Structures are given as structure tokens and as C-alpha cells.
Amino acid sequence: MTTWTEFNEWTQRSAEIIVRGATPPNPNQYRLLLLNNLIVSRTMGRAELVSSELIQEYGYQRAIYTPAASSYNGSKQRVELPTTTLNFSAVGASLQWSAAVLMADSVADNSQQITAINPASNALTIPSHGRSNGDEVAITSIDTLASGIPANTVLYVGVTSADTIQLYSDVARTSQVDVTSAGVGTHYLRLCKGTPVFYANFATQLIGDGATQPIDVQWAFLNAGNANGV
């Protein structure tokens, strides 16, 4: 049985929505993310999560989560959304993953390849990046991360041209990240927008080239843990 566990950040956001009237998530922007080489825990933040998400290649895309109406389970004394099956397909190569995370208010794209890093100007080159000032991102490398860029940390975009950006540690963009080396290996910009809702850890899974793997997502309210497999 797969156990889905709620993130602390989502618990806090839910309380703010219910008690203080904060803005609720967009119901059309819940997406399931697949991660690899990370054992997820409920205290993890979005930068650490998306830094381990699969790169958007070989058919991998974040899957939209749109469940049908909920119902009350009297025997378990909880409200349940019906099990929703989401499918992930591999095209051109296999996809390996080991955890799934539901993210609210997310975006469809998840990663962009950085083609050059210039420590002299702190500029990151991403051709036709389409980013906007203040976009929340994290940076990863398949080898050694560029010095000066903190790992597993939400950073903020400052657009310098259609093909280049700089990074800031604050949303007001007053504190620029000082890049001191270009690092080693291909670097990726990871999009961090959203709030992590719940997650499940799995034994390592492999979706073979040309294959599709279904994942059953279950969400229940007002039970111990607040989001558990049925």
C-alpha cells in the first residue's frame, strides 16, 4: 500500500486559507512530479524537491491532477477524493524515479538547460528562456555546481536579456548571487513555483522506453497523517 504524507508547508498554508482567508490554490494547477535519488520527508522545501525532479526530456512531463468530487467515508471518518490515476510515459530512453510529489500552483515546465555561465558578469545563458523578473528557481548540475550558487535554495530571476539572466537571493532583487566559477557538467535551471502538498516514496521504478506507468494518487482529509493510501 502506498502511503501519501502531507508536507508541513501545505499544513501551514491550509491553516492560513481556512482561518485567515488566504488565497487558495488554483484548482487547475495541481501537478504530480517524479523525483529520483531522494528520500522525501515532510519538512523538505520546494527547491530541494524540484532539484531532484526528473529533467523534462525523454517524454517526462508533470502530470495534471484533477480529481472528481469528494465523498465522506463513514467507517474511516474522513473525506476522500476518489483515486486518480496519472500516467507517465518514456520516449527515447528509460525514466528512473523513486518518489512522487503533488505540487499546488505549479507550472507545466520544470527545467531549462543552461548553456553558459559567466562568473565575471554573474550571467547565466539560457537561449530564449522566457523567464520573468522574480521567477522562483533553483540551479543544479549533473557534476559540480557553479561556485557561489547555493544548492537546494530558492533563488529569484533577474532578466538581463532574452537569452540571459542573473540570480538573486531575495525577491526584491537587491542581493545578487556572486558566481565565482562556472562549475563542471551540464547545469539546469529548475522552476520552483508552487506549494508541495503531499508525497510518497517508492522503491526505485523504471519506465522503459516506449512504456507508460500509471500512478494511483489518493487524498484523504481528517485522518491521522491527513493524506494516506486507502
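All figures in this text were calculated on a predicted structure; none of them were measured in a lab.
- Under 3.5 Å, the side chains of Gln166 and Arg173 contain no donor-acceptor pair of N or O atoms.
- Taking both residues in full, the closest heavy atoms of Met44 and Val40 are given as SD-CA, 3.7 Å, listed atom of the first, atom of the second, then distance.
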| message | side-chain contact (heavy atoms from CB on, under 4.5 Å) for Thr66 and Tyr30? Distances and angles first, verdict last. | response | CA-CA 7 Å; Thr66 52; Tyr30 285 90; over 6 Å; no

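- Grouping the Ile, Leu, Val, Met, Phe, Trp and Tyr side chains by contacts below 4.5 angstrom, directly or via other members, places Leu95 with Ile215.
- Here the CG atom belonging to Leu189 is positioned 5.0 Å from the CD1 atom belonging to Ile165, to the nearest 0.5 angstrom.
- Distance check: Ile207 CD1 to Gln213 CD gives 4.5 Å after rounding to the nearest 0.5 Å.
- In the hydrophobic cluster analysis, where Ile, Leu, Val, Met, Phe, Trp and Tyr join through side-chain heavy atoms closer than 4.5 angstrom, Val50 is grouped together with Trp10.
- Side-chain polar atoms of Arg62 and Asn110 form no donor-acceptor pair below 3.5 angstrom.
- Hydrophobic clustering keeps Tyr156 apart from Val177 (ILVMFWY residues linked when any side-chain heavy atoms are closer than 4.5 Å, directly or through intermediates).
- Below 30°, between 30° and 60°, or above 60°: for Phe198 and Trp219 the angle between ring planes is above 60°, a perpendicular geometry.
- Across Ser169 and Leu155, no two heavy atoms sit closer than the pair CA-CD2, 4.3 Å.
- Side-chain contact check for Thr140 and Arg190: at least one donor-acceptor pair (N or O, by modelled atom type) lies under 3.5 Å.
- With sequence neighbours excluded, the residues satisfying side chain to side chain donor-acceptor pair (under 3.5 Å) with Glu136 are Arg46.
- Phe88 and Leu54 fall within the same hydrophobic cluster, defined by Ile, Leu, Val, Met, Phe, Trp and Tyr side-chain heavy atoms under 4.5 Å apart, directly or through other members.
- With Thr11 contributing its side chain and Phe7 its backbone, the two residues share a donor-acceptor pair below 3.5 Å.
- For the atom pair OG of Ser98 and CD1 of Ile39, the computed distance is 8.0 Å after rounding to the nearest 0.5 Å.
- Taking OG of Ser94 as the start and CG of Leu206 as the end, the distance is 4.5 Å to the nearest 0.5 Å.
- For Gln205 (side chain) and Ala203 (main-chain N/O), a donor-acceptor pair under 3.5 Å exists by modelled atom type.
- To the nearest 0.5 angstrom, Asp170 atom CG is 5.5 Å from Ser175 atom OG.
- Between the side chain of Thr84 and the backbone N or O of Pro82 there is at least one donor-acceptor pair closer than 3.5 Å.
- Side-chain contact check for Tyr188 versus Ile142: some heavy-atom pair is nearer than 4.5 Å.
- Taking 4.5 Å as the limit, some side-chain heavy atom of Ile139 sits within range of a side-chain heavy atom of His187.
- In terms of the ring-ring contact (aromatic ring centres under 6.0 Å, His included) criterion, residue partners of Phe202 (sequence neighbours excluded) are, by chain and number, Trp97.
- Taking OG from Ser89 and CG from Asp209, the interatomic distance works out to 11.0 Å, rounded to the nearest 0.5 Å.
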| request: Using the side-chain contact (heavy atoms from CB on, under 4.5 Å) rule, take Val137 and Leu191 through it: C-alpha gap first, then chi angles, then the decisive distance, then the call. | output: CA-CA 5 Å; Val137 300; Leu191 304 184; 4.0 Å; yes

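- Under a 3.5 Å cut-off, the side chain of Asn122 and the backbone N or O of Val179 do form a donor-acceptor pair.
- Checking side-chain atoms of His129 against main-chain N and O of Ser161 turns up a donor-acceptor pair under 3.5 Å.
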Could you list the donor-acceptor pairs under 3.5 angstrom formed between side-chain atoms of residues 144-154 and any protein atom two or more places apart in sequence or on another chain?
{"unit_1": "Ser147", "atom_1": "OG", "unit_2": "Ser181", "atom_2": "OG", "d": "3.0"}
{"unit_1": "Thr153", "atom_1": "OG1", "unit_2": "Ala151", "atom_2": "O", "d": "2.8"}

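- Between Arg13 and Asp105 there is a salt bridge, with a side-chain nitrogen of the basic residue lying less than 4.0 Å from a carboxylate oxygen of the acidic one.
- Within 6.0 Å of CD on Gln12 lie no more than 12 heavy atoms contributed by other residues, nucleotides or ligands.
- A donor-acceptor pair is defined here as one N or O able to donate and one able to accept, closer than 3.5 Å; no such pair exists between the side chain of Asp143 and the backbone of Val184.
- Side-chain contact between Leu34 and Glu53 is absent, with no heavy atoms from C-beta onward closer than 4.5 Å.
- Asn73 contributes no side-chain N or O that, together with a main-chain N or O of Arg78, makes up a donor-acceptor pair within less than 3.5 Å.
- Within the 4.5 Å cutoff, no side-chain heavy atoms of Ile126 are placed close to those of Thr115.
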| Stepwise, does the side-chain contact (heavy atoms from CB on, under 4.5 Å) test hold for Leu86 with Tyr65? | CA-CA 7 Å; Leu86 301 178; Tyr65 172 75; 4.3 Å; yes

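- One hydrophobic cluster holds both Tyr199 and Tyr60 under the rule that ILVMFWY side chains link at heavy-atom gaps under 4.5 Å.
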| said: Walk me through whether Lys193 and Ser106 qualify under side-chain contact (heavy atoms from CB on, under 4.5 Å). | reply: CA-CA 6 Å; Lys193 185 179 186 299; Ser106 66; over 6 Å; no

